[in-house]
Asker: 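The structure that follows is given in the form of structure tokens.
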Amino acid sequence: MAELASPVELIDLQDGESKTFRVLSWEKAPLTIRPPHRPEGKTITAIRVHVPAEDKPTFPHYWDLTATTLVAQMEPQLKRPDLPRLRFTILAQGIGPKKRFSVETVAS
């Protein structure tokens, strides 16, 4: 399976910060990241969510979700047949490796 194409646009939320968006399309693929503790890189599974420009005005109009717990929560929701009607809110809780995410899904 091919890696996600560049540029990489990681969703970067601080403790207590959230983002709300709709998803136009999505893809799941490997992605090589280079965290400070692994400068040689490591390959993870990521989900790229393509969003409307009004939800993310700056290019590129997608976010790459890389946290294992976030990917696990988002993937089943992205497979829903009513995806075009859904709004997602991702909330970050915690700092660093202990950071966790909650996902709220609302149909409009």
Side-chain angles (χ1 to χ4, degrees):
M1 179 182 286
E3 282 206 7
L4 291 174
S6 291
V8 173
E9 185 76 0
L10 299 177
I11 194 162
D12 185 24
L13 299 175
Q14 303 305 311
D15 183 29
E17 188 179 8
S18 66
K19 293 265 188 228
T20 299
F21 54 87
R22 290 169 289 134
V23 176
L24 301 174
S25 64
W26 64 283
E27 55 196 296
K28 181 178 174 183
L31 177 66
T32 300
I33 60 171
R34 289 175 173 72
H37 67 281
R38 296 274 303 267
E40 72 281 5
K42 72 176 187 176
T43 301
I44 60 167
T45 298
I47 289 179
R48 176 169 287 170
V49 291
H50 298 266
V51 301
E54 58 265 21
D55 290 348
K56 186 179 182 290
T58 57
F59 179 83
H61 301 291
Y62 57 76
W63 277 298
D64 295 319
L65 313 178
T66 59
T68 305
T69 56
L70 182 54
V71 168
Q73 291 178 78
M74 285 294 293
E75 187 173 13
Q77 298 299 318
L78 295 168
K79 292 178 178 179
R80 289 176 50 170
D82 60 344
L83 179 63
R85 296 182 44 236
L86 301 178
R87 289 192 69 75
F88 297 93
T89 299
I90 297 174
L91 171 66
Q93 299 169 316
I95 298 169
K98 299 213 181 268
K99 185 184 296 188
R100 294 296 178 259
F101 298 89
S102 63
V103 177
E104 180 182 343
T105 306
V106 177
S108 54

Asker: Do V8 and V49 sit in one hydrophobic cluster, given that two such residues count as connected whenever their side-chain heavy atoms are within less than 4.5 Å of each other, even indirectly?
Answerer: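 V8 does not cluster with V49.
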Asker: Which side-chain N or O atoms in residues 63-72 pair as donor and acceptor under 3.5 Å with protein atoms at least two apart or in another chain?
Answerer:
| residue | atom | partner | partner atom | Å |
| --- | --- | --- | --- | --- |
| D64 | OD1 | R48 | NE | 2.6 |
| D64 | OD1 | R48 | NH2 | 3.4 |
| D64 | OD2 | E9 | N | 2.8 |
| D64 | OD2 | R48 | NH2 | 3.1 |

Asker: Could you list all the ring pair (Phe, Tyr, Trp, His ring centres under 6.0 Å) pairs where at least one residue sits in residues 22-57, not counting sequence neighbours?
Answerer: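 The answer is H50-Y62.
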Asker: Would I11 end up clustered with L86 when hydrophobic side chains under 4.5 Å apart are linked, directly or stepwise?
Answerer: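 Hydrophobic grouping puts I11 with L86.
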Asker: List the residues meeting side chain to side chain contact (heavy atoms under 4.5 Å, CB included) with P84, not counting sequence neighbours, and say none if there are none.
Answerer: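 Expected list: none.
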Asker: Drop me the distance from T43's OG1 to E3's CD, to the nearest 0.5 angstrom.
Answerer: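 Nearest 0.5 Å value for the OG1-CD distance: 5.5 Å.
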Asker: Not counting sequence neighbours, list each pair that qualifies as a salt bridge (Lys or Arg N to Asp or Glu O under 4.0 Å) and has a residue in residues 11-25.
Answerer: R22-E54, R22-D55
Asker: Determine all donor-acceptor pairs shorter than 3.5 Å in which one atom belongs to a side chain in residues 74-83; sequence neighbours excluded.
Answerer:
| residue | atom | partner | partner atom | Å |
| --- | --- | --- | --- | --- |
| E75 | OE1 | K28 | NZ | 2.8 |
| E75 | OE2 | K28 | NZ | 3.4 |
| E75 | OE2 | K79 | NZ | 3.4 |
| Q77 | OE1 | R80 | NH1 | 3.1 |
| R80 | NE | D82 | OD1 | 3.0 |
| R80 | NH2 | D82 | OD1 | 3.4 |
| R80 | NH2 | D82 | OD2 | 2.8 |

Asker: So, for G41 and T32, which heavy atoms are closest and what is the spacing to 0.1 Å?
Answerer: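 Reported closest heavy-atom pair: CA-CG2, 4.4 Å.
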Asker: Check salt bridge (charged side-chain N to carboxylate O under 4.0 Å, His left out) between R38 and all other residues, then give those that pass, not counting sequence neighbours.
Answerer: E40
Asker: Determine all donor-acceptor pairs shorter than 3.5 Å in which one atom belongs to a side chain in residues 94-108; sequence neighbours excluded.
Answerer:
| residue | atom | partner | partner atom | Å |
| --- | --- | --- | --- | --- |
| K99 | NZ | L13 | O | 2.4 |
| R100 | NH1 | P97 | O | 3.3 |
| S108 | OG | R85 | O | 2.9 |

Asker: Holding to side chain to side chain donor-acceptor pair (under 3.5 Å), I want the full list of residues that pass it with S6, two or more places apart in sequence or in another chain.
Answerer: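 Once residues adjacent in sequence are excluded, S6 has no partner under the side chain to side chain donor-acceptor pair (under 3.5 Å) criterion.
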Asker: What residues, two or more places apart in sequence or in another chain, satisfy side chain to side chain donor-acceptor pair (under 3.5 Å) together with Q14?
Answerer: none
Asker: So which heavy atom on P7 is nearest to which on P60, and how close?
Answerer: CG-CG, 4.1 Å
Asker: Rounded to the nearest 0.5 Å, what's the gap from CG on L31 to CD1 on I47? Could you check?
Answerer: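 The CD1 atom of I47 is 12.0 Å from CG of L31, to the nearest 0.5 Å.
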Asker: Who passes side chain to side chain donor-acceptor pair (under 3.5 Å) against Q93, sequence neighbours left out?
Answerer: none
